[in-house]
Amino acid sequence: MLSIILKLIVAAVLAGTPLLFGALGEILTEKSGNTNLGVEGMMYMGAVSGIAGAFFYGKAAGGAPVGVVAVLIALVVSFLIGALGALIYAFLTITLRANQNVTGLTLTIFGTGFGNFFGDFIAKNAGGSLVVTDGVKAMFKGIAIPGLSKIPVLGTLLFNYNWMVYFAVIVAVVMAWFFKRSRVGLNLRAVGEDPATADAAGINVTRYKYVATVVGGGICGIGGMYISMVSQNGVWVFDCVSGYGWLAVALVIFATWDCNRAILVALVFGALKIMRLYVALPIPSQFYDMAPYIVTIIVLVITSMRESREHAQPKSCGTNYFREER
Amino acid sequence: MSSVKTEKKTPLIRMIKRDEITQKKTWMIRAVAILGALITGGILILCLGKNPLQAYSDMLRGAFGSKVLIQETVKQAIPLLITAIGISFAFKMKFWNIGAEGQVLVGAIGAGYWAFFYAATLPKIPLIILMIVTAMLFGGLYGLLPALCKAKWGTNETLFTLMLNYIALYIIKYLANGPWKAAGSSFPKMPMIHKGVRLSKVFGVHWGWIIALVLVVFASIYFNRTKQGYEIAVVGESNNTARYAGINVGKVFRRTMFLSGALAGIAGMLQVAGCDYTITERTAGGVGFTAITVAWLAHMNPYGMLGVAAFIAVLERGCNQIETTMAIPASVSDLLIGIILFFMLGCEFFINYRLVTRGGKEEQNA
């Protein structure tokens, strides 16, 4: 029994990590007062560019790529391409004042096309499939941390994951500190809550919005890279992100815009995603697959009924800030 | 105010809100934006080592090359147009219904129920009517649910409607795997519907196109000539203004979202009875999302949506064509639609504002 629970938790952590990346990126974006519904799109962009980066590096290295370099390339490229998607969004909403919802949706359509198109295109030119070498794949497998991983129960539970899991947690903790303790983070929150006041206080609203949105997009891109490199094991699969980005947007609400809480919520949703394999209930498998979405709706309704003021979305989310139209 | 620093000097480029703009200039700016999008797409194709001019001409040939191809293009435009009209009902009141995909699917399920199980027992005309009514009911209720919660508790409708898409998808997977599985099939899929239920063709395309055109006129009258249409517009402008004017905002949400979902349901019924003759996970096939862009590009104007839906259908058919002739994956259509919409979203700025450089010399669009 214990071993099954252990396996369930480990699998939940692995399935929850891309959700955590997506949610963290979106939290950063929303803290600046932009609701970017393009998370799904940016994750697709990161997913395809990360795997493509590692793939082309492998080709250039003549079939003997250095694992660490491939990892760094995948990380940097997926971040940059995710950030590029967010930059389009930022330019349209911040500078050109386009509607945030529609621009975000468009980014999702664009990004989904971007991912599937380039994934297919590169696969076709590479002779059928876009796959990274075994050496690179191994870099995204779990690492048994020497010593610690030998501790009974705790070792399996905490010290056997791939590096991206730890990276996600570190990003979450750093971001939580950033929002609560750093001057820049507090300024950013001011921008998200009330841009006019922040502007009057001498904060460069536009710059804060741009940087937060673009970096947020980059983090979403890394989440996408996790899907292609870890979840799909270094093989490009058509439509691989399939809804993870949207779940991440929902996670932001359940985490009440709190990065530490996001870790926990991502774990719960990771568990819902993989529950079918570990918990046998007498229902058809499709109902298991529905579970994360049904739970999302239920939690959405419950949180809206509670209407807590303290843990709410940054107030200016959804509306663009024009200095002249105060 | 990006890139404009607040210093004592006048900034290099300022933006000024336009007081008025001529119709001609508006269309000029839009044409420039479309051209810019097509050029950007062309550059992309060029970067892949393909000839963009050949790609665009192949796309046109794929959409208009023969009578059959034109009919296919029209067939592609039908669900897009009807769903877009449905979405515009919700978007006009700033209710972000991105669940049209799911509403199309449950509409298909509602229609499929009669088509699968009563094709032998009922005559065609009542059967078709039952299919349409059930599809509208299913789609409508699927749209009503998030509206109920939004009206009562202010639940975020964007995520609610979106999650319903996935639930509808898994319901279809469940039906295809179990209760509605085709007899004798080893693969989880639903049977083909009986020949007698399939919609007959008018000018080579199932008569769904007539419904689509009727709905365009209906929506236009509803938006501009009825009290309910006016209420939608007021709620869209401001919920508080609407309340002050004595409009029951919750009621408008519920009624309009039911209509919105019901229209998407019709699109689902037409896909089943006129196009695919069965239900699969691909029955909606992204229509719910593409229709959002159609509605938005047309500024929720039903006649505009007719044009935009046709344009997008041409684009999608064209992208299928270049997949075979030029080995460019068909998913390029999403990419191109995204680029076009980015440009169109951006160009609205130049319709509402004009740029003034420091010397006072005016700079028209960019």
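Just so you know, these numbers come straight off a predicted model, no measurement behind them. Labels below follow one simple rule: chain letters A, B, ... track the order of the sequence lines, proteins then strands, and each chain is numbered from 1.
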Tell me the closest heavy-atom pair linking A:T95 and B:F349, and the distance in Å. O-CE1, 3.8 Å
Should the pair B:Y174 and A:F287 be assigned to parallel (<30°), tilted (30 to 60°) or perpendicular (>60°) ring geometry? perpendicular
From B:N156, B:T155, B:L148, residue fulfilling side chain to side chain contact (heavy atoms under 4.5 Å, CB included) relative to A:V301: B:T155
Within the 4.5 Å heavy-atom criterion, are B:L341 and A:I109 side-chain neighbours or not? no
Can you tell which part of A:L92 gets under 4.5 Å to a heavy atom of chain B, answering side chain, backbone, both or neither? side chain
Within the structure provided, determine whether B:I167 and A:I294 are in side-chain contact (heavy-atom separation under 4.5 Å). yes
What part of B:N352 gets closer than 4.5 Å to chain A, counting heavy atoms only: side chain, backbone, both or neither? neither
Select, from A:T296, A:T103, A:V102, A:T108, the one with the greatest count of heavy-atom pairs under 4.5 Å involving chain B. A:V102
One should read off an interatomic distance between B:K152 NZ and A:M305 CE, to the nearest 0.5 angstrom, of 8.5 Å
Rounded at 0.5 Å granularity, tell me how far CD1 in A:I302 sits from CH2 in B:W153. 10.0 Å
I want to check something: taking the side chain as every heavy atom from C-beta on, are A:N99 and B:W296 in contact at a cut-off of under 4.5 Å? yes
For A:F117, which of B:D334, B:I328, B:L336 qualifies under side chain to side chain contact (heavy atoms under 4.5 Å, CB included)? B:I328
Grab the two heavy atoms, one from A:I297 and one from B:F160, that are nearest each other, plus how far apart they are. CG2-CZ, 3.4 Å
Given the options B:G346, B:A330, B:C149, which has more heavy-atom pairs under 4.5 Å with chain A than any of the others? B:G346
Chain B interface, residue from A:N116, A:T93, A:T106 that has the most non-hydrogen pairs under 4.5 Å: A:T106
Out of B:T293, B:I337, B:I98, which one racks up the most heavy-atom pairs below 4.5 Å with chain A? B:I98
When rounded to the nearest 0.5 angstrom, what distance separates CD in B:E323 from NZ in A:K124? 4.5 Å
Are the side chains of A:L96 and B:Y353 in contact, using a 4.5 Å heavy-atom criterion? no
Surrounding NZ of B:K50 (heavy atoms of other residues, nucleotides or ligands, distance under 6.0 Å), is the total greater than 12? yes
Closest-packed option against chain B by number of heavy-atom pairs under 4.5 Å, given A:G119, A:G243, A:P292: A:G243
I'd like to know which of B:I339, B:L169, B:I292, B:L48 tops the heavy-atom pair count under 4.5 Å against chain A. B:L48
Minimum-distance pair of heavy atoms, taken over all atoms of B:M163 and A:A250: CE-CB, 4.3 Å
What's the shortest heavy-atom distance between B:S331 and A:D120, and which atoms? OG-OD2, 4.2 Å
Taking side chain as C-beta onward, heavy atoms only, is A:Q286 less than 4.5 Å from B:L175? no
Atom of B:F342, atom of A:L107 and distance for their closest heavy-atom approach: CZ-CA, 3.8 Å
Relative to chain A, which segment of B:T158 carries a heavy atom at a distance below 4.5 Å: side chain, backbone, both, or neither? side chain
Looking only at heavy atoms, which two atoms of B:G338 and A:F110 are closest? And how far apart? CA-CB, 4.0 Å
Here the gap from B:L345 atom CG to A:I88 atom CD1, rounded to the nearest 0.5 Å, amounts to 11.5 Å
If I measure from the heavy atoms of chain B, does A:S285 come under 4.5 Å with its side chain, its backbone, both, or neither? neither
Do B:Y166 and A:L247 come within less than 4.5 Å of each other through their side chains, counting heavy atoms only? no
